[in-house]
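Structure first, commentary second.
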There are 2 protein chains.
Amino acid sequence: MTTIYDLAKKTGISKSTISRVVSGNGYVSEEKRKIILNAMHELNYIPNQVAKNLRQKQTKTIGFLVSDYFPLVGDFINSFTKIAAKYGYNVNVYFTQNAKNELKTLRLLTTRALDAVFILTRINSWDTISSYADFGPISTWQRVEHAHIYSNYIDHYPVYTDVLNHLDGLGYKRVGHVLSSLRNANTRARVKAIDDFKLKHPDSNQDYQLFYHGQHNAGADAADKWLHAKERPEAMVFFADFVAAEFIASLRKHHVKVPQDCLVVGSDNSEIAKLMNIPTIDLCFRNQAHNAFIYLYNELNDQQLPFEKQTPQWIDAD
Amino acid sequence: MTTIYDLAKKTGISKSTISRVVSGNGYVSEEKRKIILNAMHELNYIPNQVAKNLRQKQTKTIGFLVSDYFPLVGDFINSFTKIAAKYGYNVNVYFTQNAKNELKTLRLLTTRALDAVFILTRINSWDTISSYADFGPISTWQRVEHAHIYSNYIDHYPVYTDVLNHLDGLGYKRVGHVLSSLRNANTRARVKAIDDFKLKHPDSNQDYQLFYHGQHNAGADAADKWLHAKERPEAMVFFADFVAAEFIASLRKHHVKVPQDCLVVGSDNSEIAKLMNIPTIDLCFRNQAHNAFIYLYNELNDQQLPFEKQTPQWIDAD
DNA sequence: GTGAAAGCGCTAACAA
DNA sequence: TTGTTAGCGCTTTCAC
């Protein structure tokens, strides 16, 4: 491994001058620059990133934390990593899996191994998590209002209200809802949208509601419940495309026709919704990934890069 | 930020002794250990990982390189990252996107930012890539036989032969094949399996073959071709579940019934195959992710951890 | 069992 | 424009 010291010895030029040409900071005469460039080539010099990290107290690495895998995670990593790469940042992916391990991962911020952290889904309380914000900026996909944690969330209340009205306009009077955990602010926003809708539309039945903490098997379970329901909802709205997809697949096994027997609506506008031709709600996760990164970048580099606009909308199947 | 130097000053004990209790290497008397542990708590000491990395010439970080996103990537990252975390390794995800950038990413190995590299899909030639193996072990998902690059591949020849026989046994005499690029050794293995099968089964027609370089839109394109085919194959076998899924969705839009009008078979045994109830071929990517990591771990730590067995097999729909 | 000292490879303030 | 110097925070011989 050639080091900057070897170059200095070979060229007789000081380490600092060499550092200047390698990093591109500061003035170096054309003459010396050429000599140094030559020597770099000759000795096949590659700067040691770790030494640089230590000296500069930054690693240009962002932690991507998610409690566990679900299909949208892949799509999200894709969006987040690409925007990060564009600005010269690496991203480390962590499946935290439990509270203790999530804390351990957040500690990487304090060990200086990570410059910043993005949290897709979390386990510990936001209060606990925010205490790590002293060591580096934190942003999240979740809907939170917390000092020191940036959240680029979409308020589901107006979106869901639109969806309910839209379904009502299409003639669906018995609508079922498959929702995420009430721990999420946006699940509560959805429930509130339903409650407010009910007051205005007493002819409509929105009482079929299911809540799930995770995506795993939720669709299959919901299908089972739907099949055994006394009065089957004519339409079902889901908190995630993947769950809707699983629901559809389970119904089809029982020869239920979708959308004829039951209209199924997803959320996310992910690849799978396109694939399975499921009407869905675009909640702009791609823009959210973008903005979540931009926030971290701005904090880290004292910049004011602008955020992208997000306009959630109903996406029809073909 | 408390450093080891602060602890030394506070306790009056030398840095080296403190280092010993922090890292757990070497003997320290119970008495001093207690004093140090106390001080660590009191000053809320957290070791700087970057300084450790510089000193130890390793970062415990593995690069996960993939040329671009496709749905299985998420599943793969999930498997790979979890096994890596189990052994204390971080994983950095990179979408290389083009040849130049792939090289730039591989250079992270030479800058010591990465201890090792896993390549899901690549752009440059294996000859080019293997030249980086001097700086750290490289493993891949792809089928390669190359000195210095570990490949935990499945030979598709026998698997595909089984699939062809299975379909033949089910009475499918006109079978279409949607294959990946001939640049892949396993695509060539599949083609060879088809050719050999044809010699033994002259009554069977296997000549409907389509090749795609990527997954993007391949399923929709194949559907379009199938719809306009003079003689539509009765069964179609795909190189990826996702492509098969897209094919099915496209056919359904044209009111073609699957599997009645056309049996569709995927490859990978991914989540989407389960979801859409597509018969598929389990090619054990989870085990492959595991083994690919184990190889890197063994190389890095001079160990001989055993690999997992892999037995590819046909997976029926329910 | 403990401490002194050297050094991983780089950068940046300061002086020249 | 360049060189000297002093670290970044940790680990690891080596000597006691």
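The shown structure was predicted, so the numbers you read here are calculated from the model rather than taken from an experiment. Every chain is numbered from 1, with letters handed out A, B, ... down the list of sequences.
- Toward the 5' end of DNA chain C, the nearer of the two residues B:Val28 and A:Asn48, judged by each one's closest nucleotide, is B:Val28.
- Legend: salt bridge (Lys or Arg N to Asp or Glu O under 4.0 Å) pairs involving residues 39-58 of chain A, not counting sequence neighbours, sorted by first then second residue: A:Lys10-A:Glu42.
- Residue B:Thr17 places at least one side-chain N or O under 4.0 Å from the OP1 or OP2 atom of C:dG3.
- A:Phe70 has its ring centre no less than 6.0 Å from the ring centre of A:Phe242.
- For A:Leu54, the side-chain atoms get nearest to D:dC8 when compared with the rest of C:dC10, D:dC8, C:dG3.
- Straight-line distance from the OH atom of B:Tyr27 to the C1' atom of D:dT12: 16 Å, rounded to whole Å.
- Between B:Thr3 and D:dG9 there is no side-chain N or O to OP1 or OP2 distance below 4.0 Å.
- Distance check: B:Met1 CE to B:Asp6 CG gives 9.5 Å after rounding to the nearest 0.5 Å.
- At least one side-chain nitrogen or oxygen of A:Tyr45 sits closer than 4.0 Å to the OP1 or OP2 atom of C:dC10.
- With respect to A:Asp75 and A:Arg286, no salt bridge is recorded, no charged nitrogen being found less than 4.0 Å from a carboxylate O.
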Provide a list of protein-nucleic acid N or O atom pairs under 3.5 angstrom, restricted to nucleotides 12-16 of chain C.
unit_1	atom_1	unit_2	atom_2	d
C:dA12	O4'	A:Arg55	NH2	3.4

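- In this structure, B:Ile18 atom CD1 and D:dT11 atom P are separated by 11 Å, rounded to whole Å.
- The salt bridge (Lys or Arg N to Asp or Glu O under 4.0 Å) search around A:Arg122 returns none, not counting sequence neighbours.
- Checked against the 6.0 Å centroid criterion, the rings of A:Phe307 and A:Tyr150 qualify as a close aromatic pair.
- Two residues, B:Ser29 and B:Ala51, neighbour DNA chain C, and the one matched to the more 5' nucleotide by heavy-atom proximity is B:Ser29.
- Within the 6.0 Å centre-distance limit, the rings of B:Tyr87 and B:Phe293 are counted as a close aromatic pair.
- Rounding to whole angstrom units, CE of residue B:Met1 and C1' of D:dC10 are separated by 13 Å.
- In this structure, B:Lys52 does not reach the D:dT12 phosphate: none of its side-chain N or O atoms is under 4.0 Å from OP1 or OP2.
- Distance A:Gln58 CD to C:dC10 C1': 13 Å, rounded to the nearest Å.
- Straight-line distance from the OH atom of B:Tyr5 to the P atom of D:dC10: 13 Å, rounded to whole Å.
- A straight line from CG of A:Asn53 to P of D:dC10 spans 15 Å, rounded to a whole angstrom.
- Side-chain proximity of A:Lys57 to the nucleotides D:dG9, C:dC10, C:dG1 is greatest for D:dG9.
- What separates CD of B:Glu30 from P of C:dG1 is a distance of 11 Å, to the nearest Å.
- To the nearest angstrom, C1' of D:dT1 lies 12 Å from CD1 of A:Ile36.
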